Protein chains: 2
Amino acid sequence: MNVQLLNKKEAIFESTLKLINEYGFHGTPMSQIASHANVATGTIYHYFNSKDELIIELFKYCREKTNLHIFSFNEDLPYKEKFFFIWNRLVDYYIAHKETFWFIEQFYSSPYYELIKQKKTTYYGVDKMQQFFEEGIKSDVLRNVSFYTLISIYIGSATSHVKMVTYGFCKMQTKGREELIEIIWNGVKNQKYEG
Amino acid sequence: MNVQLLNKKEAIFESTLKLINEYGFHGTPMSQIASHANVATGTIYHYFNSKDELIIELFKYCREKTNLHIFSFNEDLPYKEKFFFIWNRLVDYYIAHKETFWFIEQFYSSPYYELIKQKKTTYYGVDKMQQFFEEGIKSDVLRNVSFYTLISIYIGSATSHVKMVTYGFCKMQTKGREELIEIIWNGVKNQKYEG
DNA sequence: TGCACCCGAATGAACGTTCAATTGCTAAAT
DNA sequence: ATTTAGCAATTGAACGTTCATTCGGGTGCA
């Protein structure tokens with residue numbers, strides 16, 4: 001697959017992302033995606049077998065890009081700094097790529113997700129996250145609570161915050177953000193370490 | 001509007017809720033909703049002007065029911081107990097009404113929400129929640145952080161937890177839940193009060 | 001008599017997908 | 001260096017289906 005093809009496939013991805021955000025899964029016909037991406041309708045079917053497959057592949061594409069972005073930290077940083085770094089990178093990325101954020105949210109809460117969740121997909125992001133939290137617990141920096149508890153707070157608060165900001169409910173003042181991640185840190189850190 | 005009608009309208013709501021969860025906004029034709037609710041297709045249009053209106057009204061209906069449920073606490077309880085109570089009621093309600101939960105999530109992250117958010121809808125839930133957090137801050141039980149920070153942690157963790165459970169990623173062991181709300185409480189409570 | 005409620009077949013537009021035809025590229029053959 | 005064969009990429013009109021909505025007619029209660 002040469003560069004030209006990659007470009008077309010990506011053009012289709014980006015157009016789908018934009019249009020689905022605006023009109024939803026249904027409100028976005030293949031023909032509209034095609035013309036927005038400057039390709040013919042038939043061309044989409046060269047890369048994807050169906051609209052559903054296109055949407056599923058787009059989801060994986062978005063998730064992959066996001067994960068690559070947030071885990072790009074220096075391994076030598078102290079744990080606490082990594083803890084703040086990843087969370088902030090995630091929030092930054094989503095705010096800078098609102099369409100990716102909303103598309104992922106929409107996908108997760110739609111029946112589409114059922115189609116791919118069973119595939120015990122030890123995919124990059126969850127692996128990394130679990131590993132990161134386990135590291136924190138083993139080294140006694142984090143309280144010994146379950147992975148699911150940690151991820152509920154950590155990811156849940158990040159997405160909640162991004163929702164607030166992108167809905168326009170609150171300004172993106174850095175103060176609110178710092179407050180938020182700091183509260184979480186206070187909640188999950190092992191009290192033995194620096195108050 | 002008599003009882004019979006209320007029943008029909010609710011039957012339409014409940015059928016829509018169930019089918020949209022299974023097949024999504026698009027995958028659910030009006031005809032299918034009608035036959036599932038044991039009414040004629042045309043009848044739906046007696047109660048709602050369009051499919052979009054039906055979906056929007058269903059959203060309000062679900063949100064209202066949820067809010068009425070979670071704010072049904074005894075005002076005399078100490079603040080901390082109310083803090084735990086509301087969170088637990090919310091999680092309980094969503095787990096017991098998965099379809100309501102997923103529908104609301106789907107709606108919030110779809111373009112539909114754009115259609116109703118501007119209406120500076122000081123709706124029941126947000127009002128109550130804001131009032132509750134303000135009460136906590138004024139009485140010095142909670143740290144003095146912004147409403148949006150509090151709600152991001154409080155609601156975000158609850159929905160995240162419910163997602164985990166309803167996806168089947170983690171069992172609904174009460175332990176995990178207690179851990180979670182306790183961590184949040186630790187994070188947001190004013191340190192001056194009981195460690 | 002009038003009005004609200006209810007029915008479901010008919011309508012017509014919209015959409016996902018197909019396909020036969022065309023172009024462009026690569027590499028083997030001459 | 002030129003030709004040629006073959007495959008990948010691309011096109012967009014056409015097809016057949018599906019679906020939201022309409023509407024003319026029916027029922028029963030005030």
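Computed from a predicted model, the values in this text were never measured in an experiment. In what follows, chains carry the letters A, B, and so on, assigned in the order in which the sequence lines appear, proteins first and then strands, with residues in each chain numbered from 1.
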Inset, instruction - Run the salt-bridge test on B:Lys60 and B:Glu57 with the 4.0 Å N-O cut-off and return the result as yes or no. - result: yes

Legend entry - A:Tyr154-A:Phe83 aromatic ring centre distance below 6.0 Å: yes

Legend entry - B:Phe48/B:Phe13 aromatic ring centres below 6.0 Å: yes

Legend entry - Protein-nucleotide distance (B:Met30, atom CE; C:dA10, atom C1'), rounded to Å: 17 Å

Inset, instruction - With B:Val91 as reference, evaluate B:Ile181, B:Val162, B:Thr159 under the side-chain contact (heavy atoms from CB on, under 4.5 Å) test and give the passing residue. - result: B:Val162

Inset, instruction - Could you state the atom-to-atom distance from OH of A:Tyr47 to P of C:dG16 in whole Å? - result: 20 Å

Legend entry - Euclidean distance, atom CG of residue B:Asn7 to atom C1' of C:dC5 [Å, nearest integer]: 14 Å

Legend entry - Nearest-angstrom distance from the residue atom CD of B:Gln32 to C1' of D:dA20: 14 Å

Legend entry - Proximity to the side chain of B:Thr41 - top-ranked nucleotide from D:dA20, C:dC7, C:dG8: C:dG8

Legend entry - Residues A:Glu179, B:Arg143: salt bridge by 4.0 Å N-O rule: no

Legend entry - Nearest-Å distance for atom pair CG/P, residues B:Leu54 and D:dC19: 16 Å

Legend entry - 5' precedence on DNA chain C between B:Val39 and A:Phe25 (nearest-nucleotide basis): B:Val39

Inset, instruction - Report the distance from atom CD1 of A:Ile55 to atom C1' of C:dG16, rounded to the nearest whole Å. - result: 12 Å

Legend entry - Nearest-angstrom distance from the residue atom CG of A:Asn38 to P of D:dT10: 12 Å

Inset, instruction - Classify the nucleic acid contact of B:Ser35 as base, sugar-phosphate or nothing, counting any heavy atom under 4.0 Å across all strands shown. - result: nothing

Inset, instruction - Give a yes/no answer on whether the side chain of A:His46 brings an N or O atom under 4.0 Å of OP1 or OP2 in D:dA9. - result: yes

Inset, instruction - Indicate whether OP1 or OP2 belonging to C:dC7 is found under 4.0 Å from a side-chain N or O atom of B:Thr43. - result: yes

Inset, instruction - May I ask you to verify if any side-chain N or O of B:Tyr45 is less than 4.0 angstrom from the OP1 or OP2 atom of C:dC5? - result: no

Inset, instruction - Report the distance from atom CG of B:Leu19 to atom P of D:dC19, rounded to the nearest whole Å. - result: 12 Å

Inset, instruction - Give a yes/no answer on whether the side chain of B:Lys8 brings an N or O atom under 4.0 Å of OP1 or OP2 in C:dC6. - result: yes

